[in-house]
Structure formats: structure tokens, C-alpha cells
Amino acid sequence: MFGIPRKAAVTLTPAAIGQIKKLMTRDGHQGLRIGVKKGGCAGMEYTMDYAAEIDPHDEVIEVEGARVMIAPMAQMFLFGTEIDYQTSLLEAGFKFNNPNVADACGCGESIKFKDVSELNAEREG
């Protein structure tokens with residue numbers, strides 16, 4: 001929808017590819033659907049859900065058998081994002097390295113995106 005021809009809206013690190021493939025095979029899901037919603041102290045939050053089917057309006061990114069679908073309303077906010085999977089002594093989870101984020105809360109769960117006109121200007125320039 002908002003993509004550049006032949007350029008994926010998001011990229012996946014090898015760790016993210018491995019984890020997504022594991023999650024897909026566990027219950028036979030088609031992939032993971034990512035998006036954004038209002039919430040959190042900074043204003044927006046990422047969403048990530050199992051997808052039983054592929055919505056025709058989703059942007060589909062498939063790398064080495066790992067499939068991510070981006071909900072239509074989130075495509076503009078996620079363009080250029082690298083999705084990683086990190087594990088530490090205390091936690092494990094997906095991390096979004098998103099160039100479109102203007103600010104984030106201290107816990108890292110909530111984000112504020114750059115203004116839409118600023119996002120468009122960066123993509124055109």
C-alpha cells in the first residue's frame with residue numbers, strides 16, 4: 001500500500017525469522033500480523049497476533065518461510081522497521097527498530113510516531 005516497489009516494508013533479522021517460523025509451525029498459523037493501536041503512555045503500541053488467514057489488504061513479508069502480515073492502517077508507521085527477536089536473562093521478545101518513532105516511554109512498550117507529513121517528506125527525499 002505505502003511501499004516502494006521491490007523493497008520490503010519491514011526487514012527481519014535471522015533471530016526473528018527463526019522465532020516466527022517456530023510460532024507458525026506450532027499451531028499451523030499462516031504467520032504473524034503486526035500493527036499499531038492507540039494506547040500506552042506515549043500514545044501508541046505495537047500489536048502482534050497469530051494470523052489464521054491472510055487478509056487481502058495486508059502487506060505480506062515472507063523471508064525464508066517466516067511470514068509477517070502488516071495491517072493496512074499500520075503500513076505507513078512501520079515502513080523501514082527492522083524486527084528482531086532478543087533473549088536476555090530475564091526476558092525474551094520481539095524488538096521493533098523503527099525509524100518512524102519520535103519518542104518512546106521508559107519501559108519501551110509505548111511509542112509516539114513522527115508527524116505524518118514528516119514521514120512522507122523523509123520517504124520522498
Side-chain angles (χ1 to χ4, degrees):
M1 179 179 240
F2 293 98
I4 296 173
R6 289 189 231 118
K7 180 169 179 167
V10 300
T11 57
L12 306 173
T13 66
I17 292 168
Q19 185 63 23
I20 292 167
K21 285 167 59 172
K22 265 192 238 177
L23 293 172
M24 287 174 62
T25 58
R26 183 174 16 181
D27 293 320
H29 299 291
Q30 292 293 314
L32 296 178
R33 181 170 288 113
I34 59 174
V36 294
K37 68 176 183 175
K38 289 185 179 185
C41 54
M44 300 290 278
E45 297 175 321
Y46 294 112
T47 62
M48 186 173 265
D49 298 302
Y50 293 113
E53 57 186 48
I54 299 172
D55 184 306
H57 300 289
D58 287 343
E59 173 83 15
V60 179
I61 310 300
E62 190 164 350
V63 181
E64 298 175 24
R67 188 178 303 121
V68 172
M69 287 79 83
I70 305 172
M73 296 304 291
Q75 292 173 12
M76 176 170 66
F77 298 107
L78 295 174
F79 190 80
T81 298
E82 176 192 70
I83 301 174
D84 191 15
Y85 187 79
Q86 298 179 347
T87 56
S88 71
L89 203 53
L90 298 174
E91 63 185 2
F94 288 98
K95 179 172 173 38
F96 291 71
N97 299 311
N98 188 337
N100 306 310
V101 171
D103 197 13
C105 69
C107 67
E109 295 293 321
S110 180
I111 54 202
K112 178 181 177 189
F113 291 106
K114 296 175 184 175
D115 182 76
V116 173
S117 60
E118 190 178 349
L119 293 174
N120 288 333
E122 286 178 2
R123 288 192 187 104
E124 292 172 4

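The two residues Pro99 and Phe79 come nearest to each other via the heavy atoms CG-O, 4.2 Å. Closest heavy-atom contact between Ala74 and Gly35: CB-CA, 3.5 Å. Across all their heavy atoms, Lys22 and Thr25 have their closest contact at O-OG1, 3.1 Å.
With values rounded to the nearest 0.5 angstrom, Ile61 atom CD1 is found 8.5 Å from Ile83 atom CD1. Separation of atoms CD (Glu62) and CD1 (Ile54) is listed at 7.5 Å; rounding is to 0.5 Å. Rounding to the nearest 0.5 angstrom, the gap separating the CE atom in Met69 from the CG atom in Leu32 is 7.5 Å. To the nearest 0.5 Å, atoms OG1 (Thr87) and CD (Gln19) are separated by 9.5 Å. We find the CD1-NE2 distance between Ile20 and His29 to be 13.0 Å, quoted to the nearest 0.5 Å.
The only option from Tyr85, Phe77, Tyr46 that meets the ring-ring contact (aromatic ring centres under 6.0 Å, His included) definition with Phe96 turns out to be Tyr46. With Glu82 as the fixed residue, the side-chain hydrogen bond (donor to acceptor under 3.5 Å, both in side chains) test singles out one of Asn97, Thr11, Thr13: Asn97. Here the options are Thr47, Asp58, Leu78, the test is side chain to side chain contact (heavy atoms under 4.5 Å, CB included), and the partner is Ile34; only Leu78 passes.
Under a 3.5 Å cut-off, the side chain of Asp84 and the backbone N or O of Ala15 do not form any donor-acceptor pair. Under the 3.5 Å distance criterion, the side-chain polar atoms of Arg33 are left unmatched by any main-chain donor or acceptor of Asp49.
Within 6.0 Å of atom CD in Gln86, more than 12 heavy atoms from other residues, nucleotides or ligands are found, so the atom counts as buried in its surroundings.
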For this session: Apply the test side chain to side chain contact (heavy atoms under 4.5 Å, CB included) to residues Met24 and Gln30: give CA-CA distance (whole Å), side-chain angles for both, the deciding distance (0.1 Å), then the verdict.
Result: CA-CA 6 Å; Met24 287 174 62; Gln30 292 293 314; 6.0 Å; no
Problem set entry | Derivation and outcome, side chain to side chain contact (heavy atoms under 4.5 Å, CB included), residues Arg67 and Val60 | CA-CA 7 Å; Arg67 188 178 303 121; Val60 179; 3.8 Å; yes
